[in-house]
Amino acid sequence: MDTDEEGDNDWDRSLESDMLETEGSSTDRVTSISQRVILHIDLDCFYAQVEMIRNPALRNKPLGIQQKYLIVTCNYVAREHGVNKLMSVTDAVEKCPQLVLVKGEDLTHYREMSYKVTELLMSYCPLVERLGFDENFMDVTEMVERRLKETCISDLSFNGHVYKHESMAVDEENARLAVGSVIAAEMRQAIFSTLGLTGCAGIANNKLLAKLVAGTFKPNQQTTLLPYSTAELMSSLTGLIKVPGIGYKTREKLKALGLVSVRDLQLYSLADLVREFGEVTAKRIQNLACGIDDSPVTPAGPPQSLSDEDSFKKISTLEEVQKKTEELLTSLTERMHKDGRRPHTFRLTIRQYTVTNRWFSRESRQCPIPNHTGLKITCGSSEAVPQLLGLSMKLFHKMLDTREPFHLTLLNVCFSNLQAKSSSKSSIASFFTQKCPTTTQMTSQQQVSMYDFPYFNVPANVDPYVFSQLPADVQRELLTEWRQQKPVLKIPSKHSHKTSSTRDKKSAAKGSQCNNILKYFKPN
DNA sequence: CGGGGAGCAT
DNA sequence: ATGCTCC
């Protein structure tokens, strides 16, 4: 499909490890090396913190958040009593009989708080990437560069820990990370003072290292990784599964090759690795083992899909399926209505109990949402639910012969292919022809959710709603531009030394498509 | 063994 | 378009 040019991997590796990158901002001092400064911000026991805010009486008590039979997370009081993440409720209560349990299966509050955090961070710097509900990456390179110009190096110091150092003087070499550590502290302070949440931060030259180093001092602390400590950080990992990007399946495959430790993977033959994983993945995971990661911080914008699911011991009759599905559809349709966008695709996913593949293995079927039904969803009409239920049952029959006995353990419903109102195709021009509610037209009764704009600081001549409906990468482009107040539209050039990943190429294509449109958002 | 959401391979 | 893999 998308074959990377040979040899650019070697380029990347020397680039990362020798710090000779020349692309990017060309305006800095000659001695300064243009490396990225990446923050990873990781909220402490996120669900537990949200519940302690909702009910402050829980603050001093051992608290566990329960989903089904699991403690998915717990506060630090509970941890002192030996309770841990992903412990069974039985084990946890055994360890700590006074443990207070709060059900955390409804994610609404967590989702809302999660987006508030992302939103807050975006108000400082648009390059924010979410990872799950409780982690955010930021690329603060430009912010660092700007501050460095106004700051004397002798006035700088690191905020928080520096990995494997008691203290560290700031010099020309590490000044950018030092500024990053100051920014990280400001972000954590902002999150705490406006939302009441604590968290950790990691500061490093790429996402992988920022995430890894963030976990070295917990909770509510931050750590900076200097480039020359990279090898030490990587070899401190106790197994390959600890490398973000290497999950269960990959670990098992590597184990079959005799690779268990990070060092094993670093030293293994790339050619052999390619045979097992293919070119792209082989290079990626071996680079990860070396602490090398050139993946960009990619703002996600509003979610591309909304889904709702429930799991259970057993469902084995059509009636039960209908009832559960209807419940899921009802809440999902409400969420969809608040979002304001219109879904064009519907997907039903199930998990069947089988003796062998008992844990995972989901199966799904999807179909277009009929025009009238889509409209009813966005309008919040309750008629949409029975219509969707009809679709669901059709899809269900495609997956399962319901004349045979069945045993489901999970149902999931999902709206995707979300488009900004109007039934016309995804034509970007439709952003300008459609009628949009403006801020003043919104009734106070309408929930102001994440995507409702107050967090986008758009110029006065731009309709914030229209802006909020633009594709995420276009939003990013514009935000970056407005912040810099300097009309430079970034178009990926051949001279860029970054590898052209699939994603880069996609967004490049999209970006150039949008160029004509973007000019409508610019002053003049 | 929870409840999402995203990217990639096929 | 669907499954796999990741967090």
Integer-rounded Å distance: B/dG5 C1' and A/F415 CZ: 16 Å

At 4.0 Å (heavy atoms only), tell me whether A/T281 reaches a base, stays on the sugar-phosphate, or touches nothing. nothing

Considering only heavy atoms of chain A and a distance under 4.0 Å, specify the first and last nucleotide of DNA chain C in 5' to 3' order that meet this criterion. C/dT2 to C/dC7

Roughly, in whole Å, what's the span from CG in A/L306 to C1' in B/dG3? 14 Å

Base, sugar-phosphate, or nothing for A/R347, non-hydrogen atoms under 4.0 angstrom? nothing

Starting at CG of A/L410 and ending at C1' of B/dC1, how long is that distance when rounded to a whole Å? 11 Å

Between the side chains of A/T409 and A/S311, does any donor sit under 3.5 Å from an acceptor? no

What contact category does A/K211 fall into here, base, sugar-phosphate, or nothing, at under 4.0 angstrom with non-hydrogen atoms? sugar-phosphate

Candidate nucleotides B/dG3, B/dG2, B/dA6, ranked by approach to the side chain of A/D310 - the nearest: B/dG3

Determine whether A/N417 and A/Q419 satisfy the following criterion, side-chain hydrogen bond (donor to acceptor under 3.5 Å, both in side chains), listing intermediate values before the conclusion. CA-CA 6 Å; A/N417 196 1; A/Q419 287 168 27; 3.0 Å; yes

Nucleotide B/dG2, atom C1' - distance to CD of A/Q66 in whole Å: 11 Å

Under 4.0 Å, heavy atoms only, any strand: does A/G245 hit a base, just the sugar-phosphate, or nothing? sugar-phosphate

Is any side-chain N of the basic residue among A/E326 and A/K323 closer than 4.0 Å to the acidic one's carboxylate O? no

Using only side-chain N and O atoms of A/K68, determine if any of them is under 4.0 Å from OP1 or OP2 of B/dG3. yes

Taking only the side-chain heavy atoms of A/L70 (C-beta and beyond), determine which of B/dG5, B/dG2, B/dG3 contains the nearest atom. B/dG2

Taking the side chain as C-beta and beyond, is there a heavy-atom pair between A/L209 and A/T230 under 4.5 Å? yes

Can you see if the side chain of A/R335 gets near the phosphate of B/dG5 - specifically, an N or O under 4.0 Å from OP1 or OP2? yes

Heavy atoms of A/K207 and A/E129 approach each other most closely as NZ-OE1, 2.8 Å

Carboxylate-amine/guanidinium contact A/R130 A/E135, below 4.0 Å: no

A/N412 vs A/R362 side-chain heavy atoms within contact, under 4.5 Å: yes

A/K249 NZ to B/dA9 C1', straight-line distance once rounded to whole Å: 15 Å

Pair A/E320, A/T317 - check side-chain hydrogen bond (donor to acceptor under 3.5 Å, both in side chains), show working. CA-CA 5 Å; A/E320 291 174 302; A/T317 69; 3.1 Å; yes

May I ask you to say what A/D106 touches in the nucleic acid, namely base, sugar-phosphate or nothing, with a heavy-atom cut-off under 4.0 Å? nothing

Rounded to whole Å, the CG-C1' distance (A/L86 to B/dG4) equals 14 Å

A/Q67 side-chain N/O to B/dG4 phosphate OP1/OP2 under 4.0 Å: no

Does a side-chain N or O of A/S305 approach OP1 or OP2 of B/dG5 to a distance below 4.0 Å, or not? no

Send over the distance from A/D308 CG to B/dG5 P, rounded to a whole Å. 8 Å

Between atom CZ in A/R130 and atom P in B/dG7, what is the gap in whole Å? 13 Å

Let's see if you can work this out: which of B/dG7, B/dG5, B/dG2 has an atom nearest to the side-chain heavy atoms of A/Q304? B/dG7

When we call it a touch if two heavy atoms are under 4.0 Å apart, what does A/V243 touch: a base, just sugar-phosphate, or nothing? sugar-phosphate

Any A/S307 side-chain N or O less than 4.0 Å from OP1/OP2 of B/dG3: no

